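All ligand and atom numbering here is 1-based and tracks the order in the structure. Keep in mind that this is a model prediction, so the values were computed, not measured.
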Amino acid sequence: MTYHTVYTQSVRQPEVFWRDAANMLAWHTPPATILTKDTNGVDRWFADGKLNTCYLALDQHVQAGHGDDVAVIYDSPVTQTKATFTYAQLMQQVSQFAGALKSQGITKGDRVLIYMPMIPQAVIAMLAVARLGAIHSVVFGGFAAKELAQRIDDAAPKVIVTASCGIEGKKVLPYKPIVDDAIAQSLQKPQCCIVYQRAQCQATLDNAIDKDWQLLTDNSESADCVPVMATDPLYILYTSGTTGKPKGVVRDNGGHAVALNYSMQAIYDIHPGDVFWAASDVGWVVGHSYIVYGPLIRGATTVLYEGKPVGTPDAGAFWRMVEEYQIAVMFAAPTAFRAIRKEDPDAQQLAQYDISSLRTIFMAGERLDPPTYHWTVDKTGKPVVDHWWQTETGWPICANPVGLEAMPAKPGSSTVPTPGFNVQVLDPQGAVLPRGQQGAIVLKLPLPPGCLPTIWGDHSRFEDGYLSEFPGYYSSGDGGYIDEDGYVFIMGRTDDVINVAGHRLSTGEIEEVLASHTAVAECCVIGIHDALKGQVPFGMVLLKDGTQVDEEMLQQELVALVRQQIGAIACLKRIMVVPRLPKTRSGKILRKLLRQIACDAPLAIPSTIDDPGSVEEIAALMASQGAVTAKATG
Ligand code: COA
Ligand code: AMP
């Protein structure tokens, strides 16, 4: 069947389409109902079905005689470690750690927060939580204590699982002090903190709640899978919104498993036994969907890489991985390829490796800029697919569905809507725009399986943030257009979310930190173009009247504050002290106008502006700081 036939059926007869996809899974109790509404009026998939996601990821393959197939390859250039886990070995370790969690009182519905680097124990912990029908919340290891504390308070985990350290290039970063600090800052205290000790740095376990991973696991009985309802949450994953408070995206068990299994085949063309590598981190949605659950549910081999595209040890790292593990499909952020290109523009490293096993390279996390697309295609000779998705959807909204039908690529486009996603472009009044015209990218309801049904503990934030702007549609927060051939072009966020090296950050959150400095009266953070990271934050601060400061020192203090409060990944390096900021008469900073200045776009100066002279002044200042580029977005 061609893509168009499949796509049309998916949006015209979603229940028939997704019933067929659901039949591919080994349910505990297959669903009789396919699409219903929950008590919030939100569309839910497979509401009366029962399953266990860990069973799908592990036990079913072992029971089907594939226990000796490789489930996970761990490659860590930063520790010089390589290891493989068969499905049977992984199932044994997961069952054992599930028993350890059970011994600490974890049962169905309890939350377990996981703050781990890219080591097999992170995968084991996630699957063990799923095995018990509990809910994990993985927090990216690059976040600082305050960010972690916010997530602890929101998810109220009974147990935290961590490791003694993470390793970033040559830096060993102790995690335990960050966890201790976060617990001290949080109001919701966990009952227990399980620490996996790494050889590179041993954590001191002197706290009444600390437990050693190995000791606890060795002394626990293994635990079996607990079936849960399809609509029960599998995990909460926090992501940046427009405010300082991260949003807890909830993922259910049933829709998630059906969607991921479908996507592994239809989008990535992955089959049992294939080696699939998503070069991301378990702390991001890509890690959840395509390092852990997607490949394992599909019975493929997944790769866990604890390293960087460059510097561990060189720009040949990705190609070395492909050759060594015969990787069939890989997935990374465009920024990773920009980093490789910067160090090895002529791809001399690539020439040293045999990458003939590689069928397709997928990229996501930010728009794949045409120069990076062309470089990667030219140097590798492989099909390169830009695909667009969000933490909220959990799987790609638009892609080149190579498992169904490979469409001709158009650089700059994330190709076509994935089956199940009814993508439209609307004007501000909610009217559907003609082909070629740029507007808000929305998804007509119902969303397909796998997408978020709510925000943890705050359903009104889900309604207000996604459903209320255009009734009947989910607002993606991205702008763009669909061309005459139905190809979708995502041009960037329409809100205050920025994308730094494929990491999603809220400018509002950075502003909160800057505003907490005693010298700062007001501030504004926008994303500006960066050749390597796509975007980086750029701060503008207005000082309190009468404040005398050394501007350079203030800038250093503010940079340090953001690193300490959010984490180094915020990458805030540039801050400018300004005499005034353009505002409305009611005192609202005109952020959109500042973003327009930064990307050298035509300025839409609102009639409500308080002081029109401030625009020229700030534009000149931004230009003097190199903060005005034609490509900036966000
Ligand atoms: N734990 C602790 N610190 C972390 C971290 C982690 N897991 N990840 C990043 N950091 C730190 C880095 O050490 C760095 O700190 P520094 O300022 O002290 O040097 C800072 O956060 C910024 O990191 P990063 O954005 O990774 O920049 P970089 O210059 O070290 O590397 C790239 C640049 C392009 C190689 C890197 O950003 C990259 O590989 N990006 C791909 C991201 C990705 O896969 N995203 C997933 C989307 S699919
Ligand atoms: P995250 O939730 O961290 O996955 O970030 C989602 C956001 O990243 C989207 O809303 C987009 O702004 C951006 N994004 C991800 N993939 C792409 C892509 N292929 N093209 C353009 N933007 C993308």
Could you check whether Trp277 and Tyr305 have their ring centres less than 6.0 Å apart? yes
Regarding atom 44 (O) of ligand 1: of the candidates Pro309, Gly502, Ala279, which has the closest heavy atom? Ala279
Test salt bridge (charged side-chain N to carboxylate O under 4.0 Å, His left out) applied to Asp154 and Arg461, Lys247, Lys245, the passing residue: Lys245
Side-chain donor or acceptor of Glu343 paired with backbone N/O of Val310 under 3.5 Å: no
Which residue supplies the protein heavy atom nearest to atom 36 (C) of ligand 1, what is that atom called, and how far is it? Lys308 NZ, 4.3 Å
Do you know which of Thr376, Thr360, Thr372 makes side chain to side chain contact (heavy atoms under 4.5 Å, CB included) with Val384? Thr376
For atom 12 (C) of ligand 1, the protein heavy atom that lies nearest, with its residue and separation: Glu168 OE1, 3.2 Å
Tell me the nearest of Lys533, Glu306, Lys342 to atom 33 (C) of ligand 1, using heavy-atom distances. Lys533
Tell me the protein heavy atom at minimum distance from atom 8 (O) of ligand 2, and give that distance in Å. Asn499 ND2, 3.0 Å
Heavy atom of the protein closest to atom 12 (O) of ligand 2 (residue, atom name, distance): Asp478 OD1, 2.6 Å
Can a protein heavy atom be found under 4.0 Å away from atom 5 (C) of ligand 1? yes
Taking N or O atoms only and a 3.5 Å limit, does Arg504 qualify as a polar contact for ligand 2? yes
Within a distance under 4.0 Å of any heavy atom of Arg493, pick out the atoms of ligand 2 and give their elements. 9 (C), 10 (O), 12 (O)
Would Asp485 and Arg435 pass as an ion pair if we require N to O under 4.0 Å? no
Would you mind running through ligand 2 and noting each atom that sits below 4.0 Å from a heavy atom of Trp389? 4 (O), 6 (C), 9 (C), 15 (C), 16 (N)
With a 4.0 Å cut-off on heavy atoms, is Cys571 in contact with ligand 1? yes
For the pair Arg338 (side chain) and Leu532 (backbone), establish whether a donor and an acceptor sit closer than 3.5 Å, ignoring hydrogens and angles. yes
Do NZ/NE/NH1/NH2 and the carboxylate oxygens of Glu306 and Arg198 come within less than 4.0 Å? yes
Show me which atoms of ligand 1 lie under 4.0 Å from any heavy atom of Arg563. 16 (P), 17 (O), 18 (O)
Before we go on, tell me: are the rings of Trp395 and Tyr293 under 6.0 Å apart, centre to centre? no
Ligand 2 to Glu366, heavy atom cutoff 4.0 Å, flagged ligand atoms 14 (N), 15 (C), 16 (N), 17 (C), 18 (C), 19 (N), 20 (N), 21 (C), 22 (N), 23 (C)
Nearest to atom 22 (N) of ligand 2, what protein heavy atom do you find, and at what distance? Arg367 N, 3.5 Å
Qualifying residue, where the test is side chain to side chain contact (heavy atoms under 4.5 Å, CB included) with Arg320 and the options are Leu350, Asp314, Asp75: Asp75
Residue list, ring-ring contact (aromatic ring centres under 6.0 Å, His included) with Phe337, at least two apart or on another chain: Phe318
Go through ligand 1 atom by atom and flag the ones less than 4.0 Å from a non-hydrogen atom of Gly142. 1 (N), 2 (C), 3 (N), 5 (C), 6 (C), 7 (N)
Is there a polar contact, in the sense of an N or O pair closer than 3.5 Å, between Glu392 and ligand 2? no
With no hydrogens and no angle check, is any side-chain donor or acceptor of Ser476 less than 3.5 Å from a backbone partner on Ile441? yes
Which atoms from ligand 2 have a heavy atom of Ile490 less than 4.0 Å away? 21 (C), 22 (N)
May I ask you to check if ligand 2 and Leu368 share an N or O to N or O distance below 3.5 Å? no
One finds that the ligand 1 atoms under 4.0 Å from a non-hydrogen atom of Leu173 are 2 (C), 3 (N)
Closer than 4.0 Å to some heavy atom of Thr391 - which atoms of ligand 2 meet that? 1 (P), 2 (O), 3 (O), 4 (O)
Could you tell me which atoms of ligand 1, counted from 1 in the order shown, lie closer than 4.0 angstrom to a heavy atom of Val286? 48 (S)
Measure from NZ or CZ of Arg151 to the centre of the six-membered ring of Phe143 and say whether it is under 6.0 Å with the direction within 45° of the ring axis. yes
Among Met363, His503, Arg338, Lys171, closest by heavy atom to atom 19 (O) of ligand 1 is Lys171
Using heavy atoms and a 4.0 Å limit, tell me yes or no: is Ala501 in contact with ligand 1? yes
Quick check: does Asp386 get an N/O under 3.5 Å from an N/O on ligand 2? yes
Give the residue and atom name of whichever protein heavy atom lies nearest to atom 46 (C) of ligand 1, and the separation in Å to one decimal. Ser280 OG, 3.5 Å
Under 6.0 Å between ring centres: does that hold for Tyr290 and Trp389? yes
Taking only heavy atoms of Thr335, which atoms of ligand 1 are found under 4.0 Å from at least one of them? 34 (C), 40 (N), 41 (C)
His387 heavy atoms within 4.0 Å reach ligand 2 at atoms 16 (N), 18 (C), 19 (N)
I'd like to know if the side chain of Thr415 pairs up with that of Tyr3 as donor and acceptor (distance under 3.5 Å, no hydrogens or angles considered). no
Please verify whether a non-hydrogen atom of Gly365 lies at under 4.0 Å from ligand 2. yes
Donor-acceptor side-chain pairing of Tyr466 and Glu392 below 3.5 angstrom: yes
Looking at Val286, Asn400, Val402, Asp386, which one forms a side chain to side chain contact (heavy atoms under 4.5 Å, CB included) with Phe362? Val402
